[in-house]
Every structure is written in structure tokens, then in C-alpha cells.
Amino acid sequence: MDQFLENLNDAQREAVIFGEGPLLVLAGAGSGKTRVLTHRVAHIVARGDAEPFEITAVTFTNKAAREMRERAETLVRDGRGLGGAFLGTFHRWALEVLRRWPEAAGLPRRFSILDPDDQRALMTRLLKEERIDTKDHPPRAVLGRISGHVNRMEGVERLEARSGDNRAQITARLWNRYTKEKKALGAVDFDDMLAQTLDVLRREEVVRKAVMRRARYLLVDEFQDTNKLQMKMLLTVLAGGGNITAVGDEDQSIYRWRGAEMDNILGFEKHFAGAHIVSLERNYRSTQPILEASGALIAQNIRRHGKTLFTEQDGGEPVRLFVADDERHEARWTVDRISELESEHGLGEMAVLMRTNAQTRPFEEELMRRRIAYRVVGGLRFWQRAEVKDALAYLRQVVRPDDEVAFRRVVNVPARGIGAATIDVLKKHAAGAKALLPVAARDLPESLMPRARVALGRYFELLDEAQSQREILDPADFVGWLLETTGLLGLYDGDEEEKVVRRENLRQLASAVAEASAQGQTLEDFLDGVALFEDSDEETSPDVVRLMTLHGAKGMEFDVVFVAGMEDGLLPHANSREEEEGVEEERRLAYVGMTRARRWLGLTAARRRFLFGQSQNTQLSRFLLDISADQFEDVSDQPWQMAPSDEPEEFGTVVASRGRHQQRSAGSADSAPPIPSRRSTGRKIGAVVTDGSGVGWRPGDRVRHRRFGTGVVLSCRGRGPQLQLVVYFDRGGRKTLVPTIAKLEKL
DNA sequence: GCTTGCGGTATTTTT
DNA sequence: TACCGCAAGC
């Protein structure tokens with residue numbers, strides 16, 4: 001009766017045909033998660049269980065939303081179609097509510113959206129006004145803290161209550177100011193979109209009912225990445241008896257830093273009584289060796305349901321490990337492999353994944369040198385480029401004349417002689433008039449310097465003319481006109497590479513507007529899409545090597561994958577090493593990277609890396625110890641074997657070590673020195689060395705470890721965060737530990 | 001009001 | 001290293 005069930009395995013089918021009630025699909029990497037989602041949507045429609053408009057499917061990324069829409073539409077092409085169903089990101093879902101009922105949220109009709117740049121600019125301004133040193137409280141850090149509280153649904157009061165805590169007090173003060181300011185500006189940031197929507201859903205029955213009607217079947221992708229706020233939104237909407245289908249994989253939860261709560265997926269049955277759970281464990285993506293190595297890695301995590309992926313295809317290339325001398329060597333080796341593998345797989349089927357954006361550079365240089373086409377995915381985004389943002393600000397100013405954020409950004413771009421002093425005068429005037437800056441500025445107050453007054457007058461004439469041109473011209477021509485007339489394009493006259501690129505970017509923006517309008521979007525729709533990062537089409541030139549972060553790679557797959565920078569400090573990242581939870585998340589990140597590979601997987605590291613402005617010795621990632629030596633092939637010039645089972649029972653405990661230095665150290669008392677660096681090996685025995693948190697250590701110190709009990713320090717290696725101690729425990733024998741990570745206590 | 005250059009500093013991931 | 005903010009000079 002329905003053709004959607006034919007190409008599914010038993011578990012997939014079970015999930016697809018499941019009827020009403022809560023359903024959790026634990027979908028391992030490459031197990032056909034999107035397939036299940038799309039087929040389930042198609043099945044529901046085909047069986048007539050619900051009308052398309054009663055289906056809401058939310059994803060975490062635009063990419064996923066796009067893919068789901070395309071694939072689901074293909075499936076139901078012959079049927080009634082999917083029109084009316086909502087398939088989009090959480091933020092899009094929320095934005096549509098706020099756009100439709102702005103007054104319910106106390107927002108103006110054309111409220112604007114603050115992107116991270118706008119937020120930072122605003123926070124910087126507030127810090128100045130509050131006379132708080134941006135060095136002690138960097139705007140980004142303050143915003144990060146606020147965002148954390150919002151996503152965990154903690155109110156300001158809670159922060160204010162921490163009376164002894166100075167930082168909390170300052171954060172609370174700024175948070176209040178920030179909230180007020182956004183309200184005055186008629187603007188929302190990303191978090192507000194969700195928070196205010198939840199608010200409206202709870203308060204306004206009309207809105208809630210309307211949203212519920214459209215979510216009789218509510219499907220949630222990447223459920224492991226939902227945070228408390230999102231969970232509350234789901235619960236609120238489901239209170240009307242909707243049916244939730246959550247699809248996710250706790251092993252791929254990589255957004256803890258953004259508030260993702262693994263408890264949402266790990267404790268699904270607690271939130272949804274009587275939930276039915278289906279596990280998808282058959283992997284269709286990767287070869288046996290890739291699955292085994294990644295499976296061994298992730299098995300070390302404690303917080304998981306625990307599934308074991310299997311595949312029915314056997315054989316395949318072994319996973320390669322290459323330890324390079326430095327990051328350039330790492331890039332060279334990687335690109336060598338890329339050229340070898342190109343004929344078999346094609347450039348478009350290869351990707352180099354890394355922890356941080358900054359790591360792309362040596363790879364870019366090497367690829368460029370070898371004239372191999374590549375593309376950095378998600379790096380500096382097109383929409384974040386200054387010239388594009390300026391152009392967008394003009395568009396925002398046209399769409400919403402009282403958009404103060406946009407006004408501040410472009411009133412003096414190109415330079416018109418309206419600088420900080422003028423803005424100060426205008427601010428005073430606006431405060432008196434109780435109006436937003438761009439509105440008050442229209443008065444051209446007497447208090448302005450004559451020159452500024454004239455300049456400002458011209459600016460508003462320009463805007464007024466833009467308004468009328470907008471009526472006359474089609475959107476693409478209008479943008480062209482605007483770029484020309486504002487002088488934005490003129491800023492980049494000349495033959496310099498950079499200027500040519502910028503002009504090209506502006507032209508691209510114009511064509512993006514054209515495209516959007518061809519699809520029936522208004523300028524307002526277009527700007528919303530931009531604000532939500534709904535990048536039109538990233539994939540215009542498919543046959544190129546992709547360079548991207550591990551986060552950016554989620555949901556993708558390639559024949560050939562390199563995970564670069566397998567070093568402690570990078571993966572796991574130094575900022576996440578301190579707590580167990582952080583390390584587990586980093587391990588998941590490594591796991592996500594490895595499981596992107598279908599046929600060929602390479603793991604690379606560098607012994608020395610240029611970081612923080614200088615070349616530093618590195619340590620092999622502890623995650624390589626999670627994978628047993630026979631699960632990969634070390635193809636380094638000088639192989640670095642892993643320590644034999646010095647048992648990694650507790651992470652953060654055993655340090656990646658050995659290799660070619662093993663012979664030398666084998667007989668010595670303090671066996672197994674961690675990858676020695678030239679600098680640290682010279683350290684005198686007996687000297688006090690400080691660890692990452694400033695505690696001093698020396699051989700002979702008595703220590704306590706929460707597992708191994710008491711012991712004595714035999715020797716120290718490295719210093720600072722790199723400091724490793726060899727400790728002889730009364731029970732448990734000799735261990736190599738990083739004191740800050742192992743939470744070693746000095747007695 | 002704008003531009004330049006200096007020095008200090010912070011380096012994760014993104015809807 | 002690379003960026004940013006700030007101060008001094010135009």
C-alpha cells in the first residue's frame with residue numbers, strides 16, 4: 001500500500017510506520033536518519049494520518065532543513081505534495097511566530113534581528129556607557145554568559161542574587177541594560193527569537209493553538225542538540241496532544257557549549273512517558289575499519305545509551321595515522337594523499353576536517369601551491385563580510401527607516417563627515433525627543449555642527465530617494481542603484497585584488513536579491529533569510545576539496561576524510577579539557593569527524609605547531625589511545641606507537657605517549673615519558689614546576705588521586721598546562737598524569 | 001573628523 | 001600571528 005516502505009530495513013520501517021505517541025529514534029552515524037525522517041513524513045501524508053499543514057519538522061541547521069525538504073518533496077511528488085508543512089530550523093520556526101504576532105511579544109511590526117556582529121557592537125557600546133573596562137569584560141564573553149543563562153532558562157534575578165560575586169553583578173547589570181536596549185531598538189537576537197516565542201506560546205492561547213494545530217506531528221531532528229529552551233518550546237506545543245518524533249544520536253551531541261542538554265535525549269522517557277524507542281544501528285556509510293576505529297573511540301564515553309554500529313560490507317582501507325613534524329608537513333602529507341586519491345574519488349568527495357577555523361591556513365597554502373581546487377566551508381561567511389554587511393544595513397534602513405543599528409552602521413559609510421561627535425549630539429537630541437536615533441536625526445537639530453547638518457540632510461535625502469526608487473525598480477535593479485548611489489561600490493574602485501573581490505561580493509549580493517525576488521520573496525523576506533544564515537547555495541562548485549571545522553561537517557559525508565590536528569590541546573581543545581563533560585564532548589567531535597568518512601579515513605597530527613604566535617611542541621591526542629593499535633595503520637615517517645594498555649580507565653589520566661622515544665626510556669625509572677619536547681626534557685630533576693593552574697610540583701611530593709589513592713611524584717615533564725607527572729601510587733602503581741586534568745591533590 | 005600606527009592581547013565550536 | 005582598540009597627528 002505504500003511504496004515508502006520498500007527500501008527500508010526493519011528498524012527504519014518500524015520508525016516510519018509508528019503511529020501516535022512519543023517516538024525516539026536513536027540514529028547512529030550513517031544509519032539512514034534523514035531517510036527515516038523523510039519517509040515518515042511522506043508516510044503520514046500518504047496514509048492520510050495528517051494533512052501536510054499539520055506537520056512540523058524542525059532541524060538544527062539550515063543545511064539539514066534544506067535536505068529534508070528536498071528529499072521529502074521528492075517522495076511525495078506524486079501525491080498531494082508537502083505544501084503547508086513546516087520544515088525548517090528552530091529559529092525559523094520561532095521567527096515565523098514572531099513575525100506573525102509581533103505585538104504579542106511586544107515587538108514593533110518590523111522588528112529587526114541582531115546578528116552576532118550587531119550584538120557585539122551593542123554590548124561594546126553598553127560597556128562604554130557603563131564605564132566598564134572591555135579588557136576585564138570582553139563583550140563577547142559577556143554576551144556568551146548572558147546567552148548561557150537564557151538558554152538554560154535562568155533569569156537575571158538569579159544572577160543578581162549572587163551578591164558577593166562581582167562578575168555576576170556586572171553581568172546582571174549589563175544583561176538588564178542589554179535587554180532594555182534591545183526593547184528600545186525593537187530588535188531581537190538569536191536567543192530572543194526562541195525565548196520570546198516560548199513566552200508568547202505560554203501566554204497567548206490564540207498563538208499557542210495556532211502553532212499546535214500545525215504540529216499535530218512534530219518531528220525533531222538532531223534532538224541531542226536541543227537545549228532547555230527548545231525543549232520547553234516542544235513541550236509547550238505538544239501539550240495539545242501532538243505526537244513527537246525525536247531523531248538523534250547522543251554520540252553526536254556537539255553543542256553543549258551552546259546549551260545543548262544531553263538529558264533531553266538520554267532521559268527522553270522521563271520527559272515523554274511511554275515513549276517508544278527505535279535504535280538504528282546498521283550503518284550504510286562507512287567501511288568496517290572506519291566503523292571499528294570510531295566505535296572504539298566513542299565507546300570510551302560514559303554518558304550514552306550505547307549502541308554499536310555494524311555494517312554488512314567488509315574489507316576496506318585501513319584507517320591511517322600520520323604524525324607530521326609540523327602543521328606544514330601535515331598539510332603536505334594530506335595534500336599528497338589527496339592527489340593520489342583524486343582519480344578514484346574526485347576532489348568533491350574529499351574533505352579535511354579540523355577543530356578550529358584557524359587550522360585551515362596551511363592546508364589552503366598547500367592546496368593553492370599545488371593548484372588543487374578547494375573551498376573553505378563556513379569560514380568567513382559571505383554575509384559577514386564588511387562590504388556585504390554595509391549593503392545589507394542600507395537595505396535594512398530602507399525597509400525599516402527607524403532601524404537604529406543599521407543607521408549607526410552606515411550613516412558614515414562611505415565617510416560623509418558624520419563621526420562620533422555628531423552621533424553624540426544626535427544621541428542627546430534623541431534622548432530628549434524619546435525617539436530612535438534615525439528618527440530623531442531627521443529633525444536635523446540646531447545643536448549640530450553646520451557641516452554635519454548638511455551631511456546628515458544629504459543622507460536622508462538619499463534614503464528618501466531610495467524609498468521611491470524601490471517602488472519603481474525591480475529588486476535587483478534597486479540594489480544595483482543603491483550600491484551605486486550610496487557610494488558603497490565607489491569605495492572599492494581600483495584594480496587591487498581586494499577591491500575587485502569586494503566589488504564582486506556586492507554584485508553577488510545583488511544577484512542573490514534578484515534570485516530571491518524571482519522566487520517571490522520580498523526584500524523583507526530576503527533580509528530575514530540572511531539574518532538566519534539561510535545561505536542560498538553553498539554548493540555551487542561541487543568538485544573541490546572541502547576544508548571545514550568538525551562542527552561544520554556534521555550531517556555530511558565524503559568518500560575520503562582527513563581529521564587534522566589530532567593533538568591534545570586542539571582535540572580535545574585546551575578550553576574543554578578541564579572537565580570530564582568537556583572531554584566527552586570533544587571525543588564526540590572527533591567521532592563525528594571520523595564517521596563522516598565512507599571509504600578512506602586519515603588522522604593526522606603535528607609534533608610541533610605554530611600556536612599563540614610561536615612554535616610549540618604538542619602531544620598526541622589522548623583520543624588516539626582509545627583506538628587500539630591494530631585499528632589503524634601508522635604511516636608516519638617516524639611511527640608513534642601508542643602506549644600499551646596503560647589502561648585509559650579514566651580519561652584525562654593517561655597521557656598519549658611513547659613512540660620512537662620508547663626504547664630510550666624503557667629502562668629508566670620513570671618509564672614512558674610523554675612525547676618529550678626538546679625544551680622540557682632538559683628540565684632538572686628536583687626543580688619545582690608549575691602546572692596550568694599555578695600549583696608547583698616536584699619529585700617527591702605526596703599526592704592524592706580520587707581513584708588511585710595516594711602516591712608519590714617520581715618526575716615532572718613539561719610545564720604549565722603541558723605539565724605531566726609520573727606518579728607512583730601506593731595501589732595502582734605508576735601512572736603518567738596531567739595534574740590539572742586528573743584533579744591531582746597535593747598533600 | 002579621519003587616518004595611521006602602535007602596542008597590547010587573545011586566541012573554539014555557530015543557529 | 002592577527003586583530004582590536006586607542007592615541008597621536010593630519
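Since we're looking at a predicted model, the values are computed, not measured. So you know, we letter chains A, B, ... as the sequences are listed, proteins then strands, and number each from 1.
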Rounded to whole angstroms, how far apart are CE on A/Met556 and P on B/dT13? 17 Å
Do A/Tyr255 and A/Lys554 make a side-chain contact, defined as non-hydrogen atoms from C-beta onward lying under 4.5 Å apart? yes
Quick one: A/Glu534 CD to B/dT15 P, roughly how many Å, whole number? 11 Å
I want to verify a distance call: between B/dT12, B/dT14, C/dA2, whose nearest atom is closest to the A/Arg355 side chain? B/dT12
Would you classify A/Phe610 as touching base, sugar-phosphate or nothing, given that sugar-phosphate means primed atoms plus P, OP1 and OP2, and contacts are heavy atoms under 4.0 Å? sugar-phosphate
Counting N and O atoms only, with roles assigned by atom type, does the side chain of A/Glu586 sit under 3.5 Å from a partner on the main chain of A/His573, one being a donor and the other an acceptor? yes
Roughly how far apart, to the nearest Å, are C/dC4 and B/dT13 at atom P? 14 Å
Between A/Thr356 and A/Thr89, who's closer to the 5' end of DNA chain B by nearest nucleotide? A/Thr356
By nearest nucleotide on DNA chain B, pick out whichever of A/Asp191 and A/Thr422 is the more 5' one. A/Thr422
Heavy atoms, side chains only, cut-off 4.5 Å: are A/Glu581 and A/Arg256 in contact? yes
Take atom CZ of A/Arg328 and atom P of C/dT1, then tell me their distance rounded to the nearest Å. 12 Å
Is the closest basic N to carboxylate O distance between A/Asp225 and A/Arg258 below 4.0 Å? no
Short side-chain N/O contact to B/dT13 OP1/OP2 from A/Asn357, under 4.0 Å: yes
Of the nucleotides B/dT15, B/dC2, B/dT13, which one has an atom closest to the side chain of A/Pro116? B/dT15
Between B/dT13 atom P and A/Glu222 atom CD, what is the distance in whole Å? 19 Å
Centroid distance below 5.5 Å plus an interplanar angle below 30 degrees: do A/Trp257 and B/dT13 meet both conditions? yes
Should the pair A/Arg408-A/Glu404 be classified as a salt bridge under the 4.0 Å nitrogen-to-oxygen rule? yes
NZ or CZ of A/Arg361 within 45° of A/Phe610 ring axis and under 6.0 Å: no
Of the nucleotides B/dC2, B/dT11, B/dT14, which one has an atom closest to the side chain of A/Arg258? B/dT14
Of the listed nucleotides C/dC6, B/dT13, B/dT12, the one nearest the side chain of A/Lys128: C/dC6
Closest to side chain of A/Arg361, choosing from C/dT1, B/dT14, B/dT12: C/dT1
A/His91 stacking on B/dT15: centroids under 5.5 Å, ring planes under 30°? no
Round to the nearest Å and state the distance from A/Arg140 atom CZ to C/dC4 atom C1'. 12 Å
Rounded to whole Å, how long is the line connecting atom CZ of A/Phe533 with atom P of B/dT13? 14 Å
Give the nucleotide from the list B/dC2, B/dT11, B/dT14 with an atom nearest to the side chain of A/Asn412. B/dC2
Please give, in whole Å, the distance from B/dT14 P to A/Leu114 CG? 20 Å
Side chain of A/Thr549, heavy atoms from C-beta onward: which of B/dT11, B/dT14, B/dT15 has the nearest atom to it? B/dT14
Round to the nearest Å and state the distance from A/Leu127 atom CG to C/dC6 atom P. 11 Å
Using a 5.5 Å cut-off between ring centres and planes within 30 degrees, is A/Phe60 stacked on the base of B/dT15? no
